[in-house]
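Note that this is a predicted model, so its numbers are computed, not measured. One-based numbering along the sequence shown.
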Amino acid sequence: METERVTEFPLSHLDRRPRKRARLGWDVPQAPKAQVGMLCGQEIGNFSSFASLNAPSDQNCSSLFLKGVSRNGSPPRREDDKDGHYMFELGENLTSRCVEYKIQSKMGEGTFGQVLECWDREKKEMVAIKIVRGIKKYREAAMIEIEVLQQLGKHDKNGNRCVQLRNWFDYRNHICIVFEKLGPSLYDFLRKNNYRSFPIDLVLMHDLHMIHTDLKPENILLISSDYVKVPDYKSSSRSPKDSSYFKRVPKSSAIKVIDFGSTTYERQDQTYIVSTRHYRAPEVILGLGWSYPCDIWSVGCILVELCTGEALFQTHENLEHLAMMERVLGPIPQHMLKRVERPAEKYVRKGRLDWPEGATSRESIKAVQKLHRLQNLVMQHVDHSAGDLIHLLQGLLRYEPSERMTAREALRHPFLSRDHFRR
């Protein structure tokens, strides 16, 4: 059995997976307008009001300042690029109040900014630093993410659930958030595994009245980069001499959730668009209001993707997306369609989904028709316990949010029990 170690940490929010149709600009989640502007009763625009958001300080901070913080000198000041991204060179330092981080490599870039791999000179370890664009709305969203991470950290004592916040600081108009360094995202692992599947256990933290709103394989990271290569017996047409005959299996399935920039607290009448397209719940598309169940729907989509190796709903258009749901899961309940108002009412006609009449193209109709029912889809890829997995997915992917499984109910399901993973 061959053992390899992945050395990179590809924490990228850019989606490069091959899709039938490209993801378009409106599918990228925007900074959440409903939560920006107020946090715990304080105005976000004035960052000095965040008295509770104290960055960790080092014991020897004063002595460091007396001796001079920068061992190697601060990098020269440069203008940000046209999009507000911080401009840097490898080997330079990022300096907080009393800690220096040496930039080793760029690990990813997204709407929010960049993620850099850095060496923490004080603790002698590698970390990942999220450098947020120097634009007001992204700085505000970053402060929300810090507050959420601190709240999660208080309740995740052992650090087993969510990525750990090490530090944060404001550097040259850029909020810098320092995280523990983890392994690759589930999406990157799937991509390097030629989109072949592996099982995973997943945990949410809705008990804290928080809704992540952007769960997807890119935002769930393996703690370790280590994996082994094992024969893929379903690839019977391939020779053992062919590298694609083997598939990768993580040595550990331990994971952590990242990217809490879109996280919001429970409140009524939340109707703005959340979630990345492929993991977006029907109530979000139909404008019916959303809460915790929208995260559960995303989990269901992720589990199907891990089972099959491909995104369940590969689409970029709302009506087509809803038609795909009906193809896989059956008709959307009429009582939900009757509640639809503008602008989603155009997707409904005479009490049912306006499909295929409302399709934008013949290609769109074909994309829907080629999908299989959920049961058939799972049974193509699962050799044992298919019944348990189908039952779990049916609970996670119920149309009516109030009837959808809760996170706690899902964790008690036989498919996610310890006994199941020992078999």
Visitor: Applying ring-ring contact (aromatic ring centres under 6.0 Å, His included), name anything that partners H391, two or more places apart in sequence or on another chain.
Guide: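 For H391, the residues satisfying ring-ring contact (aromatic ring centres under 6.0 Å, His included) (neighbours in sequence not counted) are H413.
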Visitor: Answer whether the closest heavy-atom distance between the side chains of W355 and I365 falls below 4.5 Å.
Guide: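 W355 vs I365: side chains touch.
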Visitor: For the pair W168 (side chain) and I175 (backbone), establish whether a donor and an acceptor sit closer than 3.5 Å, ignoring hydrogens and angles.
Guide: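 Not confirmed, W168 side chain does not pair with I175 backbone.
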Visitor: Could you pull out the closest heavy-atom pair between S291 and E266, with the gap in Å?
Guide: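 That closest heavy-atom pairing would be OG-CG, 4.2 Å.
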Visitor: Applying salt bridge (charged side-chain N to carboxylate O under 4.0 Å, His left out) as the test, list every pair that has at least one member in residues 332-347; sequence neighbours left out.
Guide: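 Every salt bridge (charged side-chain N to carboxylate O under 4.0 Å, His left out) pair that includes a residue of residues 332-347, provided the two are not neighbours, is R342-E345.
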Visitor: Please check: side-chain N/O of D259 versus main-chain N/O of D214, any donor-acceptor pairing under 3.5 Å?
Guide: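 It does not hold such a pair.
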Visitor: Quick one: salt bridge (Lys or Arg N to Asp or Glu O under 4.0 Å) partners of E403, sequence neighbours excluded?
Guide: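 In terms of salt bridge (Lys or Arg N to Asp or Glu O under 4.0 Å), with neighbours along the sequence ignored, E403 is linked to no residue.
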Visitor: Please report the closest heavy-atom contact between S298 and L215, naming both atoms and the distance.
Guide: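 Taking S298 first and L215 second, the nearest heavy atoms are CB-O, 3.6 Å.
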Visitor: Does M379, at its CE atom, have more than 12 non-hydrogen atoms belonging to other residues, nucleotides or ligands within less than 6.0 Å?
Guide: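 Not buried by this count: 12 neighbours or fewer within 6.0 Å.
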Visitor: Could you check whether any side-chain N or O of T213 sits under 3.5 Å from a backbone N or O of S262, counting only pairs where one atom can act as donor and the other as acceptor?
Guide: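 Looks like yes, one N/O pair under 3.5 Å.
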Visitor: Between F88 and Y86, how do the two ring planes meet: parallel, tilted or perpendicular, split at 30° and 60°?
Guide: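 Because their plane-to-plane angle is under 30°, the rings of F88 and Y86 count as parallel.
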Visitor: Is there a side-chain contact between Q270 and Y265, using heavy atoms and a 4.5 Å cut-off?
Guide: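 No, every pair of side-chain atoms sits at 4.5 Å or beyond.
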Visitor: So for atom NZ, which belongs to K366, do other residues, nucleotides or ligands contribute more than 12 heavy atoms lying within a distance under 6.0 Å?
Guide: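 Atom NZ in K366 is not packed in, count stays at 12 or less.
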Visitor: Answer yes or no: is there a side-chain heavy-atom contact under 4.5 Å between M87 and E79?
Guide: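 No, too far: nothing below the 4.5 Å cut-off.
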Visitor: May I have the step-by-step check of side-chain contact (heavy atoms from CB on, under 4.5 Å) for L312 and L371, ending in yes or no?
Guide: CA-CA 9 Å; L312 177 57; L371 290 174; 5.6 Å; no
Visitor: Hey, is the main chain of S364 close enough, under 3.5 Å, to the side chain of S361 for a donor-acceptor pair?
Guide: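 Indeed, once roles are kept as given, a pair shorter than 3.5 Å links the two residues.
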Visitor: Between H174 (side chain) and V132 (backbone), is there a donor-acceptor pair under 3.5 Å?
Guide: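 At least one qualifying donor-acceptor pair exists.
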Visitor: Could you list the residues that satisfy salt bridge (Lys or Arg N to Asp or Glu O under 4.0 Å) with E92, not counting sequence neighbours?
Guide: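 With neighbours one apart ignored, the set is R78.
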Visitor: Do any N or O atoms from the side chain of R327 and from the backbone of Q369 form a donor-acceptor pair under 3.5 angstrom?
Guide: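 Between the backbone of Q369 and the side chain of R327 there is a qualifying donor-acceptor contact (under 3.5 Å).
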Visitor: Minimum heavy-atom separation for H278 to T315, with atom names?
Guide: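 Nearest pair, atom of H278 first, then T315: NE2-O, 3.6 Å.
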Visitor: Show me the pairs that pass ring-ring contact (aromatic ring centres under 6.0 Å, His included) and involve residues 318-351, at least two apart or across chains.
Guide: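 Sorted pair list: F313-H321.
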Visitor: Could you tell me which non-hydrogen atom of L90 sits nearest to which non-hydrogen atom of S105, and how far apart they are?
Guide: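 Looks like CD2-CA, 3.7 Å.
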Visitor: For G134, does its backbone N or O pair with a side-chain atom of R139 as donor and acceptor, under 3.5 Å?
Guide: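 No; zero donor-acceptor contacts below 3.5 Å.
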Visitor: So, R133 and D80, do they make that salt bridge, N to O below 4.0 Å?
Guide: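 Looking at D80 together with R133, the answer is no, because their closest N to O distance does not fall below 4.0 Å.
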Visitor: Sequence neighbours left out, what passes side-chain hydrogen bond (donor to acceptor under 3.5 Å, both in side chains) with R352? Give chain and number order.
Guide: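 Partners of R352 by the side-chain hydrogen bond (donor to acceptor under 3.5 Å, both in side chains) criterion, ordered by chain and then number, come out as E357.
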Visitor: Output yes when a side-chain donor or acceptor of W290 lies under 3.5 Å from a complementary backbone atom of Y272, and no otherwise.
Guide: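 Answer holds: yes.
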